[in-house]
Structure formats: C-alpha cells, structure tokens
Amino acid sequence: MKNYTLVSVFSLWAIGASCAFATTVGFSQVGSESGWRTSFSEAVKAEAKQRGIDLKFADAQQKQENQIKAVRSFIAQGVDAIIIAPVVETGWKPVLKEAKRANIPVVIVDRNIKVDDDSLFLTRIASDFTEEGRKIAQWLMDKTEGNCAIAELQGTVGATAAIDRAAGFNAVIANYSNAKIVRSQTGEFTRAKGKEVMEGFLKAQNGQALCAVWSHNDEMALGAVQAIKEAGFKPGKDILIVSVDGVPDYFKAMADGDVNATVELSPYLGGPAFDAIDAFLKGNKDLPKLISTTGDVFTQETAAAEYEKRRL
Amino acid sequence: MKTSVEMMSSEALIEMPNSQQTSSNTPNDRYQAGKSTSFGRYLWPLLALALLLLANLFIDSSFFHIAYQDDRLYGSLIDILNRSAPVALLAIGMSLVIATGGIDLSVGAVMAIAGAVCANLLLLPDIGLGTVVLAGLVVGLMAGCINGTLVSFLGIQPIVATLLLMVAGRGVAQLINQGQIVTFQHQGFAAIGVGQFLGLPMPIWIVIGMLVLTQLLLRKTALGLFIEAVGCNAKASRYLGINDKSIKLFAYAIAGLCAALAGMISTADIQGSDANNAGLWLELDAILAVVIGGAALTGGRFSLFLSIIGALIIQTLATTIIVSGLPAKFNLLIKAIVILTVLLLQSEKFRRQLSGLFKLRVFKGTKVGDKK
Amino acid sequence: MSLILELKNISKHYPGVKALEEVNLRLFSGEVHALLGENGAGKSTLVKVMTGAQSKDGGEIIFLNEKQHFNTPIEAQKIGISTVYQEVNLVPNLTVAQNLFLGHEPKRFGLIHFQKMYADARTVLTQFKLDIDVSAPLSSYSIAVQQLIAIARGVAMSAKVLVLDEPTASLDADEVQVLFGILNQLKQKGVAIVFITHFLDQVYQISDRITVLRNGRFIGEYLTSELPQPQLIEAMLGRSLQQHLVEKTSAEQTSNGTSAVLLSLEGVSVKGSIQSMNLTVPKGQAVGLAGLLGSGRSEVCNAVFGLDLLDSGSIHLAGKKLHLSHPVDAINAGIALCPEDRKVDGIIGPLSIRENIILALQARVGWWRCLSKTRQQEIAQFFIDKLQIATPDADKPIEQLSGGNQQKVILARWLAIEPILLVLDEPTRGIDIGAHAEIIKLIRTLCDDGMSLLVASSELDELVAFSNKVVVLRDRYAVRELSGSELTSQHVMQAIAEG
C-alpha cells in the first residue's frame, strides 16, 4: 500500500514537472529502409538520451496505418509530445485532431504532411528538399559552365523528396539553355535499381555523351557508379555524378574520385525538434511552421576528411 | 466378344511389351497430336517475347546491337538476360512449388537473408569464397526446408506458411545487417554478380547452370512426373505409393536454394547487402513469370523453360520502360497492360472469342456483298 | 400426357470425337424417362446440352413449343429444367439448408430469412426420410446423404423437367426406394424426369419410357413395358446378351482345392469402422466382401492398404506380419488397391494415360531410376491393347476417358507392378455393362494366374459370380462366410438382412 502512495506522489510530481520540460516523447519513425534513415533514428535516440528524455520509439515499417496506431497509443499513454516522421503526406488530419484534443504538441520531421489546418501541428523540422535540388544544380552548373546533358535518377514515384528535389534542380537549370535532362527514370532510391537504370541509359544513349548523372539520393548514385565503370567509362571524370544525402559510403566514393558532389541531408533532426517542444512547453506559442535544416554542398576536396568524421 | 485378358499371365505382363511392341505400331500422328498441344504452349509466350523485343527496335534502332568490348559482350539484349537472372532463378524454384499446388511468398525475403549472411561473412578477414557461397546456399536450403516442413508435414496452407517467412525473413536480414546497408570489397564474390565468363555475365551462366541441373534432376529421374502427379491429385498420388510430403518438401527446398542464388547475385551486383530492398516484391515477379509461362496456380504441369521465358518477358518490359523515355509514373501501368495482354493471348477462350468477332465481321461483310 | 421438351437431331463434336450425332429425345409430362447406354454413349453430353452446360453444334431444343438456346445452366434452370449431376455439385462448407436453397434463399427485408430456410429445409428433407441437422455443414455427411440432398435441391426448385444423372450410384437399397417414392410423387404433379443409370432393374422398376444411345447415336425410343431386358441390353451393346453372361465354372473348381492362405486378418479393429474382423484370402482366389453401405466393406479394404491404422489385431501376408502405416508399406508388401472413389482417389486427371499407368511402377522403382519414354510407351500400349482401353493414343489425359476406361487404366496401373494381392473397392461402379463383363473376366483370369483378390462390391450377382467365397459384413462385423453351393446372391442377400 505504501508503495502505491509513493508511486502516485511521484507521478503527481512528474506531471507537475512536465509542465516545464518534456520527459516522455513519442517518436513514430517510417522504418529503416535506408542507411540515412537508420542514422536519423540513431541520432534522435542519442539526442534524447543526452537530454534525459524518455523516448518511445515506434518503427512503422513503411506503413501509415502503423504510424497512426503508434500515435494513438502515444496519446493513450499521455506523452508530453509526439514526433512524427510521416510515410506519406495525406491522411493525418483525424489523428492530429485527437492529439490536439489531448493537448499534446506534434512535431513533424523530415517529410511533409498535407493538412488544411496548420494549427494541428506545432512545427515541421526538415531539410528543404527544393533548396537541396537548387544547391546541387547550382554547383553542377558552375562546374560545367552551363553546358551539360544530364541523366536523372528519380526517387520513388510520388515521394516528396523526389518531387521537390527535381523541382529545385529543374528551376536552376532552366536558366542555362545548354543544360538539359536527356534521360529520366525512377531508380526507386535503391542501389540495385539505380545500377539497372543507369545500364539502360548508357545503352540507350548509344555513344552520345552524357555530361552528368543527377541522382535523387546517394544510394542510386553509387549503383550508377558501378554501371558506368562496367561500361568502361570513368565516373567522376567522363560522367560527373551529383546527388543528395551525404551517406558515409558516398563520401568514401567521393574521396576515391568516383563521384563529385552531394548536399548533406542532416540526420540530426532530433535536437531542433526537442528544442521546439521545450520552447512550446515553456510558453512560446509563436514557433515558425517550418524550421529548415538544409545542409551544405560537399565536394571531393573535403571528402576524405569528412569520411573519417562519419565513419562508424 | 473376345475377352482381352485371357492370354495374360502376371509373369508375362511386363515382359510381353518387349516382344510384342515395337516402335512400328506407334503411329506418327499420335506424337504429332501430343506435339501440337505443347507447340501451342510454347507459341504464345515466345510470340509475346518476340513482339516486346520488336517494339524495342522501334524505340531504339540499336537495340539488337551487341558489341564486344573489354573481353565481354555488351548490349541491351545482354543486359536483359543479365538483369532477369534473379527472377529467372526464383521462377525455376517457384515453378516446382506451384506445380505441387503450393506457392512460396518468402523467396524475396530469403534472397535478402542469403545476401546479408554472405555480405557479413565477407567482412571477416581471410574467409574463403567457397565458404561464403556454401553458407549462402545452406541458408537458402534451410529456409526452403522450413517452408516445406510447415506446408507438407504440419499441413499449413502454403500461402500462410510462406507468408510467415516473407515477413520474418526480411526482419532477420535486417537484424543480421543491424539496419545498415553492409558493403564489402571482395573481387571473388563480386564476380558472381558482375564477373564474366566467355564474354557473358556470370549471372547468365548461373541461370543456365541451374536450369540444366534442375531440368536433369527432374526429367532424367521421375521427380518431375511425381511433382506433377502430386500437384494434380495429392491424394491419388499417395494411394499409388508416392511420398507426397517429401515431394513437396523437395520443391520448397529447391525454391529456397534458387532464392539464395538469386540473393547472392543481387548482393554481388551492388557489392552490398540491402536488407530492405534486396528481392523486394520479386516473389510476385517470380509467380508472374511462372503464370506467363502457362502454369496453373492449382498445380500440375510445369515447364522450367517457359517460366524462364516469363522472367525474360518481365525483364524485357522493365528494360523497355527504362529506355523508352516515358515518364516514370507510367511504369506500373504499362507493366500491367502488357502483362494482361500476354495472359489474354494465352487464354484459349479469349482467342476463340477474338477470332469469333473477326469471323462475324467477315460474315457481315459477305452478306452486304450478297445484297449487291 | 403432353410433350414438354423435345430435342431434335442434336449434334455435338469435340476435337477428334463426335460425342453426339443427330440424337433425339422426347419428354412427356408425368413420366420417368430412362436414358440408357454404355459409358461413352453420349448420355452425359446430351444432358449437358439439354441443360445449357455445353453448347450444341447442331439440332434444336424445343421446350413447351418454343425453340430455346441455353448458354448457361442458369438460363435452363430459370425456365424449369434442373439437373442433379453424377458428381455431387454442392458446396461442402455451406450448411445443408444453404446448399438446398443456394441462389433462391427465402428473404425477409432483403436479408436471408434463416429461420424459414431451416424450417423449409427440414420439410423438404422429411420427404426423403432424412432426419439430419440442416444447419450442419454438408461435408459432415456421407456421400449418400449428400447425393440425396443434391436430389432434394433439384426437387425443391420445383422444376418442370428434372434430370438425374446416376442418382442411385451411391445410395443403398432403402434410400433408392425412398427416392423412387419421391419420383412417383413428382410424376403425379406432372414433372418429367430424365433418369440415367447403370442399374437395369431400377429402370424396370421406375421408368415408363426408355431412350437408348450408343456411340453418340440415337438407337431408339421404347416403352419400358414393351422392351424386355435382353432386348434392352442388345440395344445398348449392339450385340446379344448371351456373350455377356458370366460363367462361374472356374470359381467353383478352384474353391474345392485347398490353397495356402495368403492374407489373414486376425481380430482387426479400426475405431468407428470395423470390429474384431477375422478374414482369410487364399492364394489364387477371389474373396468378395458384401454388405450395406457403411457395413465396413470399404473400411476393410482401407485397413489392408494401410490407409486406416489398426487399433487392435494384426494383418499377415504370406505368413509375415505387416506393419502398415502408409500405403507405401502395403505396396512394398505387394498389395494394391483400386479405390472406391475413382475420381478423387484414383485418377490423376490432367496427366496422360501413359503416365497414369506407369506411375505406380515408377513409384515402386524409385524416383532416381526413371523409366524411359519408350519403355513407358510400351507398357502403356500393352495395357491399352490388353484391356481394350478405348483411346486414340496413350498421351490423352485420363480425365477425358469414360468411367469404365478410367477404371481399366487404374487396373493397368496396378497390374504393371504385379501385386500378389489386389484389393478392388467397387470395381464396377459407374461402369457400363460391357466393361463390367470384361472386368469380371479379368478378375477370374488374374486368380487363375495365381494372384489373390479382395473385392468389395454392392453388385451381388457379380460378387457371387467371380468370388470363391464371400464374406458378409454387417454393422462393422463379419457375420457370415459363404462358399461352394451356398454362394448364391439369394444367400448373400439373406445374410446381409439377417446376419
């Protein structure tokens, strides 16, 4: 009996304390479909541990229904805040309303969501995909002085990252009349498919030169590197390779001279998310709806040093 | 009426054919009758493949061009053969499983497990290529035996039994890789995916090797016939002394083995094991390949050769889409339409209705002519 | 009596086969019309054309003075032609009542009125003297009951024409009488009934008129009262009955000699099917098993073949005790079984005749030693010739053969492995008279060659004709053994009735 009293006193104290800063946060992650995704999850977990936050981590295995279930269970558990890395953009309104009714702030990280009422979430912390596309395109245009026949390896059809990165990239190269995307197909963000599609491109080009490969993520670019090598060309020299993500393997390839540049997609989204939650719980109701964490362009010059930093 | 059996003695039953029967009283037309049906089986899938390849010629005039550079053949046709290897291997195993009336949904996940095991072993110092390959094959065989045991000895429905491994298997592969894409540098193992022999990529040789081996195993022994018998009527097969459970176990084991080979090829191809994406949805392509090859999902007759034609059709389509320059969002739609067309062409009923429509039009035409 | 349905000059061709050529059939209201012919005569095809299951290639169908074109069985059903097929065409997982009313369930507020459906089902089945749980799944009842339910379904649809294809094949004598009672009631109501059967005594008991087909051709239409049985058989076979009479001489001769015991069952019990059974089969003799459905006839066959595990007792073959846990054990010991349900347990439908014949031999030889194609062809052709299996070639799928020819293929399958004991469960069920005689003669020839046979059959005349002795079973026990002069169908019948 005594124990019960003790526990309830303790939990009362905990509730009181939670008014000042978050102690329990639910995090619904997409899954672990790529190396980047895994480092993202790990970074959030590490950040939470450092701040002494009890992080409830739910892996949705690429399914929105799992995410919605997870969010509902977070609400039922009465967490202080919820972080969602959404699988898809639509279908979030009902569960976000439930969270709002329970007065639990929701932070969206990474991919975007579409809701007509933006009071349903606190803020979105993400790299700006369009900006990434713009940055890498500008780098490529500077490098080639605007003369470039480009092969594009798209991400999964319909993914925000693919759509926005393409939009940013295309907006920049539109200013250069001699730069053009001559081949475009989806490599589904995977290395194997990137390689297969690149093989097809090289055959279809039939000798006509390609100046660069623009890949929507590093994995596909690494696949394309293999295809180019097998076709007897030198990736990074005969055909330039640019991409977005900044995974360790890509830095290594860059240090070896096989690829040319990437824009880092920071996996450290946990810090800004927890900062936003704390700010909100301390009474700051005026947060911007998008907190951008777009990374920088990395090139071969610094690649070796950066790879050492990123090695596990 | 003369009774047929009067002169029969049980000792003579087996001996008599030798003395009495010669090939002379097996008329030729009997075999032709048999042939005409098997010719029909081969005609439509081959025709579909030929049409698809021809379509490519219009998209890209150099499609059939094959060059010899860096000691190997280089061209779109070679790519198609090379890229179809994983699905072709899966289709070999899937043909057997489907022939027994079963289905194996786990082959994609088994690919991922085998790839993950090999990739992680390759990270160990001083490990022999033979050991790694053997480990991969053993893993596939074990997975196949688990499926086979669940289906034949525990009587779980194939779709459910293999669904377990389809879901769990990918998880196992992720666990082995600890959520990362595990990459390796090993020339020997990479050769399984990107090496070449006599100018052809290694995966093509692996498929040919597996096809020849399996075909010999099935048709030079009675295993193929037993598989078909069990697939047509498992109960009657048991009644005539075939061990139907072992036959089913065998089919799933071969499917596991083929999946492991396919997994090693795709891992060697990118020199890395991607547990999330390796072999993802390929079980469906493999099933499709077998169906395009004319096999019934209810079991019975099968042809490994036709299943591989099915795999080639699927891959030709994929390559066509890549080189066609059409926007990527149409990929799945185009795939569905082409495959529907192939399946409709194979349906005798559809062909009959189509030709009926044609006849009707001709008939109407003559009628108009008569009135004149 | 008025003409309801008339089929005129119906033709139907399959690739390579003329299944029907200018066949006629007239159906009058309030009659039972027997449609007779050997297997492959075209009865089933005619029924399929009549009921819309298959399209005709020529001729016309006139129903109540109107020309009809059915494309599906549903269209035929709508105007009042309903069919009960030879194989039970019901849904095993649904309840008895759901099966009875499938497609025309009693509705209330647009939903199925289950109470009424169950009540109606009970009423319908009482006519058939069937007192069963109508809410239980159909599959929980025996084939005989399922067959009655299938017939009841046809009756319940209140048809003008009711086609019954082999309705009595799996019914015992009492059930047949119940069925005939109902058919007589339907006659009173003016329903025309087409009755297809192999049992000629039933034809004379119930039918008013007979149409005979042979090899896809129309032979004649007769009034039953004016056509004595010998002439009927002659019409069906195209030859006279004398040639078909089965001689019993050889059986009597060998039964006098004392042969060594080949198979013996001592106190064999299988839970729910046979009880402390003692039985011996001497070498080179045929032993018959007689009894009603469910008396343990088939169950003895199954136990000897290792399909049912023994609870107690032992089986000895040639002096050695058998441990049977799988059919393979029995086959290795030299025992073969032609199962009762040929379609389900016997044939492997899509495979060719050749493959069906050599499979058991191949299974015996082992998977690693494949018989060559030429060897397979020789063996298959040998048996096709010897057993006169009617087929253009050995590569035809077995499912395209008639029942009698399928049975011959299965016999050939077992003869190819030269068993020392051949167990036949209902070897002549669903087989035409010509094939009957051939199979009976085959049984005797095999005995003369030293093979032993154990034959379960409901055809008593045949059983006494070829058996050296007959064991009569009743309620799971062996009640009598008849041999020598006692071995007549009268005595067997008596033993079945009295024990």
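Every chain is numbered from 1 and lettered A, B, ... according to where its sequence line falls, protein lines coming before strand lines. Since the model is a prediction, treat every value here as computed from it, not as a measurement.
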Gln226(A) versus Arg191(A), side-chain donor and acceptor atoms under 3.5 Å: no
Using only heavy-atom distances, determine whether the side chains of Gln315(B) and Glu196(A) contain a donor-acceptor pair under 3.5 Å.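 The criterion, which ignores hydrogens and geometry beyond distance, is satisfied for Glu196(A) and Gln315(B).
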Are side-chain heavy atoms of Ile309(B) and Ile292(B) found at a separation under 4.5 Å? no
Just do the salt bridge (Lys or Arg N to Asp or Glu O under 4.0 Å) check on Lys193(A) and Asp274(B) with the steps written out, would you? CA-CA 12 Å; Lys193(A) 203 77 185 157; Asp274(B) 181 350; over 6 Å; no
Heavy-atom cut-off 4.5 Å, strictly under: side chain, backbone, both or neither for [X] against chain A?
X         : answer
Ala318(B) : side chain
Asn177(B) : neither
Ile321(B) : both
Thr183(B) : side chain
Arg72(B)  : side chain

Which one, [options], leads in non-hydrogen pairs under 4.5 Å with chain A?
options                                  : result
Asn331(B), Thr267(B), Asn82(B)           : Asn331(B)
Ile80(B), Asn277(B), Leu332(B), Asp79(B) : Asp79(B)
Gln174(B), His65(B), Gln271(B)           : Gln271(B)
Val323(B), Thr319(B), Leu326(B)          : Val323(B)

Could you check whether Lys203(A) makes a cation-pi contact with Tyr74(B), meaning its NZ or CZ is under 6.0 Å from the centre of the six-membered ring and within 45° of the ring axis? yes
Contact class of [X] relative to chain B, heavy atoms under 4.5 angstrom:
X         : result
Thr38(A)  : side chain
Ala231(A) : both
Gln154(A) : side chain
Glu188(A) : neither

Under a 3.5 Å distance rule, please check whether Trp214(A) uses its side chain to pair with a backbone N or O of Ile150(A) as donor and acceptor. no
Can Asp285(B) and Lys335(B) be counted as an ion pair, charged N to O under 4.0 angstrom? yes
Taking NZ, NE, NH1 and NH2 as the nitrogens, is one of them in Arg83(B) or Asp269(B) under 4.0 Å from a carboxylate oxygen of the other? yes
Phe184(B) CZ: over 12 foreign heavy atoms closer than 6.0 Å: yes
